[in-house]
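Values below: all heavy atoms of this structure, side chains included; hydrogens, waters and symmetry mates excluded. The chains referred to below are lettered A, B, ... by the order of the sequence lines, with proteins before strands, and numbering in each begins at 1.
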Number of protein chains: 2
Amino acid sequence: MDQKKGTENVLLDVDFLQKLVVGIGEVSEITGVPARKIRYWEEKGIIQSEKEGEGTTRRYNYLNIKKILLIQELVEEGYTLDSAAKKVEDRMENLNEAFRKLATLATDQKDDA
Amino acid sequence: MDQKKGTENVLLDVDFLQKLVVGIGEVSEITGVPARKIRYWEEKGIIQSEKEGEGTTRRYNYLNIKKILLIQELVEEGYTLDSAAKKVEDRMENLNEAFRKLATLATDQKDDA
DNA sequence: CGTATATTGTAACTTATCTACAATATAAGT
DNA sequence: ACTTATATTGTAGATAAGTTACAATATACG
């Protein structure tokens, strides 16, 4: 169990990330995008968050935050919001897939134990 | 850039994790440990959280949460809180180190670009 | 039973976030 | 300059989430 320490940690990180969801204030700190702007992007359907129930606050997971970061990058580069969103959509597909694969790996490994 | 996609993602995850901090409610959801108990453990000095300023709320990063999970495991197994804490301390050293290494890797890779 | 350890309850308060309105800014077209 | 669409920001009044500081209870063990 100690021999494969490095690998184990990385895989567990991925598993962990799926559960880690943070509030909008934290996302704002992490990304540098003002909370107000994040809400606006969400109103427009550009990005998404997970709402855990009625009348609760927005929660953002790894992929949600990643998307915000990518859009922010493109917008700063000169893209319009809509075209940035469209472009990021493609990149996200790759990320989503990679993420799924890693998560599966992590799960499989857990099942072994 | 696309060839090393898998690796890149994992490394970025690690970098990301350092910034990701969640509130006590979220930690409670993730770990299954009641918020009240988490505060109690913290009062006792068993675990730690990051307070970002005076009069702000507790924030927990990956390592903080991991520690809670490990202690919870041992306590459920029958350990007293104190001995569980002591035992987890050792495991955390390994994790801290692994984490530092991965973070360094991520940073180095970024510097290349 | 007594004592140490561990957990839980809650009132009163602060911080974080929400919605729903409106205002302003910026860019592009005519 | 005026118009229109796009993008961002401001804020009041609300609810949700988290805080401290008190106390109560539970559980284990000599």
Report the nucleotide, chosen from [options], that has the shortest atom-to-atom distance to any side-chain atom of [X].
{"X": "B:Ile24", "options": "D:dT19, C:dC21, C:dA6", "answer": "D:dT19"}
{"X": "B:Thr56", "options": "C:dA16, C:dC18, C:dT7", "answer": "C:dA16"}
{"X": "A:Arg58", "options": "C:dT7, C:dT19, D:dT20", "answer": "C:dT19"}
{"X": "B:Thr57", "options": "C:dT17, C:dT15, D:dA7", "answer": "C:dT15"}
{"X": "A:Arg39", "options": "D:dT20, C:dA6, C:dT17", "answer": "C:dT17"}

Is any side-chain nitrogen or oxygen of [X] closer than 4.0 Å to OP1 or OP2 of [N]?
{"X": "A:Trp41", "N": "D:dA7", "result": "no"}
{"X": "B:Lys37", "N": "C:dA6", "result": "no"}
{"X": "A:Lys51", "N": "C:dT17", "result": "no"}

Nucleotide [N], atom [atom2] - distance to [atom1] of [X] in whole Å:
{"X": "B:Ile38", "N": "D:dA17", "atom1": "CD1", "atom2": "C1'", "result": "14 Å"}
{"X": "B:Glu76", "N": "C:dT7", "atom1": "CD", "atom2": "P", "result": "11 Å"}
{"X": "B:Arg59", "N": "C:dT15", "atom1": "CZ", "atom2": "P", "result": "13 Å"}
{"X": "B:Tyr40", "N": "D:dA26", "atom1": "OH", "atom2": "P", "result": "16 Å"}
{"X": "B:Glu42", "N": "D:dT20", "atom1": "CD", "atom2": "C1'", "result": "13 Å"}
{"X": "A:Glu43", "N": "C:dA20", "atom1": "CD", "atom2": "P", "result": "10 Å"}
{"X": "B:Ile46", "N": "C:dT5", "atom1": "CD1", "atom2": "P", "result": "11 Å"}
{"X": "B:Arg36", "N": "D:dA26", "atom1": "CZ", "atom2": "P", "result": "15 Å"}

Working to the nearest 0.5 angstrom, can you tell me the gap between A:Leu95 CG and A:Tyr62 OH?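 A:Leu95 CG to A:Tyr62 OH: 5.0 Å, rounded to 0.5 Å.
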
So, taking the atom named CG in B:Leu74 and the one named OG1 in B:Thr80, what distance separates them when rounded to the nearest 0.5 Å?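 Reported to 0.5 Å precision, the distance equals 10.0 Å.
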
By nearest heavy atom, map A:Gly55 and A:Asp82 onto DNA chain D; which one lands nearer the 5' end?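 Per heavy-atom nearest nucleotide, the more 5' residue is A:Asp82.
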
Please report the shortest heavy-atom distance between B:Val33 and B:Ser28, naming the atom on each side.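 Closest approach of B:Val33 to B:Ser28: O-OG, 2.8 Å.
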
In a check of salt bridge (Lys or Arg N to Asp or Glu O under 4.0 Å) between B:Glu42 and each of B:Arg36, B:Arg58, B:Lys37, which one passes?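 Between B:Glu42 and the candidates, salt bridge (Lys or Arg N to Asp or Glu O under 4.0 Å) is satisfied uniquely by B:Arg58.
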
Donor on one side chain, acceptor on other, A:Gln72 and A:Thr31, under 3.5 Å: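 Short answer, no.
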
